[in-house]
There are 2 protein chains.
Amino acid sequence: MTSAQQPVPARPTSRDVARAAGVSQATVSLVLGGKWPGRVSETTAQRVRDAAAEIGYRPNLAARSLRLGRTRTALLVVPALTNEFFARVYAGAAELAAEHGFGVVLYPSIDGTGPARDPFASARAALDGVIASSMAADALGALHGADLPLVMLDSDPSDTGPAAHVNLDIADGMRQVTDHLLGLGHRRFLHLASAVDTWTFAVRAGALHDALGEAGDATVRTVRAPLDVRAGREAAEQALSALGERPTAIICDDDILAAGACKAARRLGLRVPDELSVTGFDDLALATALEPELTTVRLPAERVGERGMEALLAVLDGRPAERDGLPVRLVVRGSTAPPPGRA
Amino acid sequence: MTSAQQPVPARPTSRDVARAAGVSQATVSLVLGGKWPGRVSETTAQRVRDAAAEIGYRPNLAARSLRLGRTRTALLVVPALTNEFFARVYAGAAELAAEHGFGVVLYPSIDGTGPARDPFASARAALDGVIASSMAADALGALHGADLPLVMLDSDPSDTGPAAHVNLDIADGMRQVTDHLLGLGHRRFLHLASAVDTWTFAVRAGALHDALGEAGDATVRTVRAPLDVRAGREAAEQALSALGERPTAIICDDDILAAGACKAARRLGLRVPDELSVTGFDDLALATALEPELTTVRLPAERVGERGMEALLAVLDGRPAERDGLPVRLVVRGSTAPPPGRA
DNA sequence: ACCTCGACGTTATACGTAACACCTCGGGGG
DNA sequence: CCCCCGAGGTGTTACGTATAACGTCGAGGT
């Protein structure tokens, strides 16, 4: 380690700026913090700003956080970001956060696999609050213990622990799907459901059964699969090959499962939508990449992130957070049609 | 603000632990920092740990960072995470980072749109280093100014600024694609290229032209499109409808563009792969969701993230970083076949 | 001529942690 | 018997920032 004696320029501090500008460190802090209307003259302020720019000063965020006790940082806890939905949630949250001078740091909860590391160790800064998806089940235990402001995304509103909930109107979305399919004349359904057992999927199942129950003469079978294409295909293929009258429509909890359902159909020689209708949920990029394009429910993922951040900011300010669900909309594309034998 | 006088329990500090355990704060720090082989007795250490657990002590990371001058935090600069490739890069980097007690914080560079916020303000902690994709063009300027250890992903190795490069063997991948297609008998190609102009895409183009040039009798046309399905479809549709002999194979810079190419083919009544072969690049989940499944080049995205983090850790330790490219592999699936009129 | 007062800064301090330098005490070698 | 030494700690300091509390100085009122 003889080479460790490098003349590292040692990142400039506010004191260096002060020296360069010929003022005290406190003045630098005032000027750069924007708190100088009447405390520092304009000429001095300008001198300080010039000096800061010249020597390339950047405030040490660790020191600032320590001093202020707040970090303007939120932790977003989600399942793997490879799910486009959550990537978009993050984008929305980060966007709004930035507008308010906040940062968003991620804890990707790795689906419960892995050693379930400490979410707070993963966040490198101290946190002002947490926004968590109900799907990040493994991390939720640790979160409740930390008495930080907590905003839950798409979770059971009757859970009183969190400071706020941000929910999508999933039930309405599923009802739009069933109305659409019933209107086309479908009566025999397969519900390709997610194997994960969280509120958002429970709501899908509940709304689906409610709506089909009202129709009276509709029947539905349910199979569950993990959220990936292959699992969806296998489950759908098995269900479609089963004995008994074949369903004419598959309602999927997710576009990814719908993609699997489409592949299953093709394997069995069933044409979508003529012989089998398929619906998705989420409206991921995948939905329009497939052929035919998926009829699906568009979820405003970015808005979920924004609203989560809004709610957190509200809570931090002592304001009440909005509580109504975000509206969702059925997008009818090419994967649904009347069942075989109907116009 | 009369309600601001809440009896907030005031997060416990190491001094609180010390008081509870009947030792000094220094001892707490030693024990919890793991630096006590021979400095503190086992019984005392246990007492400290118990006290810490009991009062729910969590170290203040801001204070620790300030004290240590290092934060064990890296900034990952990538284009939008909605691109699965980068989500996987992040996952790989975060995974390896966690094993070394590091955290990874993101700066999603929003593709150059937006107000190009300060990457360092987005990172809430001070940073030990930066890992940046060459595709996050807008942020790169700010990065070089910050004299932090910088690891570049998939960027021109002749750029001497960065401390290290982590590159995929893109040229080899493209050569595998062309070899595969030439072997099937294709001679007329369309190169559906990315409109973004970065090293990784320049390499694709270079390798493609080199390989086809060696074949002698091959011809290739190039069209460019932004990285989304619709843009890819439109570009491909236009190129396929153009006058002149139609290409028998489309080589795409990306699976997303390949999805667009497949849609274009279907619109024009061309069956894939019988009448038109299509290849992708990346091997995203999308590649196996499509029908037929895409022949594509599998890029080890997680490995890219891991290697980026490895390289950064190496640089921080003063060790040299590995420099050889990561191997990639052609995955032959259903979207390629001999051209029409060949067995 | 004295006091006041605003404008403009400065001095001093605390945030919570890690680590350097020091202290104490009992036992063993000289 | 004295000194030294190591085990087992403790006191103190510094990290860089924001801000409360405190000067200073010239102008203006009486």
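Just so we're on the same page: letters track the sequence lines, and every chain starts at 1. When reading the values below, keep in mind they use all heavy atoms of this one structure, side chains included, and skip hydrogens, waters and symmetry mates.
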Shortest non-hydrogen contact from B:Phe86 to B:Ser133?
-> CE2-OG, 3.5 Å
What is the distance from CZ of A:Arg58 to C1' of D:dT17, rounded to the nearest Å?
-> 17 Å
Quick one: label A:Val28 by what it contacts on the DNA or RNA (base, sugar-phosphate, nothing), any heavy atom closer than 4.0 Å.
-> nothing
For D:dT17, does OP1 or OP2 lie under 4.0 Å from any side-chain N or O of A:Ser14?
-> yes
Take the protein atom CZ of B:Arg70 and the nucleotide atom P of D:dG16, then report the distance between them rounded to whole Å.
-> 14 Å
Send over the distance from A:Arg11 CZ to D:dG16 C1', rounded to a whole Å.
-> 10 Å
Rounded to the nearest Å, what distance is computed from the CG atom of residue A:Leu32 to the C1' atom of nucleotide D:dG16?
-> 13 Å
Going 5' to 3' along DNA chain C, which nucleotides are the first and last within contact of chain B (any atom under 4.0 Å from a heavy atom)?
-> C:dG16 to C:dA21
Using a 4.0 Å heavy-atom cut-off across all strands, classify B:Thr13 as base, sugar-phosphate, or nothing.
-> sugar-phosphate
Hey, which of these two, B:Arg47 or A:Gly33, hits DNA chain D nearer its 5' end, going by closest nucleotide?
-> B:Arg47
For A:Gln25 and for A:Thr43, locate the closest nucleotide of DNA chain C by heavy-atom distance; then report the residue assigned to the nucleotide nearer the 5' terminus.
-> A:Thr43
For A:Asp317 and A:Arg319, indicate whether the former's side chain and the latter's backbone hold a donor-acceptor pair under 3.5 Å.
-> no
Measure across A:Thr82 and B:Arg88 and return the closest heavy-atom pair with its distance rounded to 0.1 Å.
-> CG2-CG, 3.4 Å
Closest approach of B:Ala74 and B:Leu312, non-hydrogen atoms and distance?
-> CB-CD2, 3.5 Å
Nearest non-hydrogen partners of A:Met135 and A:Pro79, listed with the distance = CB-CG, 3.5 Å
Base, sugar-phosphate alone, or nothing: which one does B:Ser41 contact when heavy atoms must sit under 4.0 Å apart?
-> sugar-phosphate
Nearest whole angstrom, please: distance from the P of D:dT17 to the CG of B:Leu66.
-> 9 Å
Closest non-hydrogen atom pair, A:Leu153 against A:Asn167 | C-OD1, 4.2 Å
On DNA chain D, check which nucleotide each of B:Arg67 and B:Gly38 is closest to and give me the residue with the more 5' one.
-> B:Gly38
Return the nearest nucleotide to the side chain of B:Thr44; candidates are D:dT17, D:dG9, D:dT19.
-> D:dG9
Would you say the side chain of B:Arg39 and the base of D:dG8 hold a donor-acceptor pair, judged only by whether the two atoms sit under 3.5 Å apart?
-> no
Any side-chain N or O of A:Ser29 less than 4.0 Å from the OP1 or OP2 oxygen of D:dG16?
-> no
Nearest of D:dT12, D:dT17, D:dG8 to any side-chain atom of A:Arg15?
-> D:dT17
Check for a donor-acceptor pair, side chain of B:Asp50 on one end and backbone N or O of B:Arg47 on the other, with a separation under 3.5 Å.
-> no
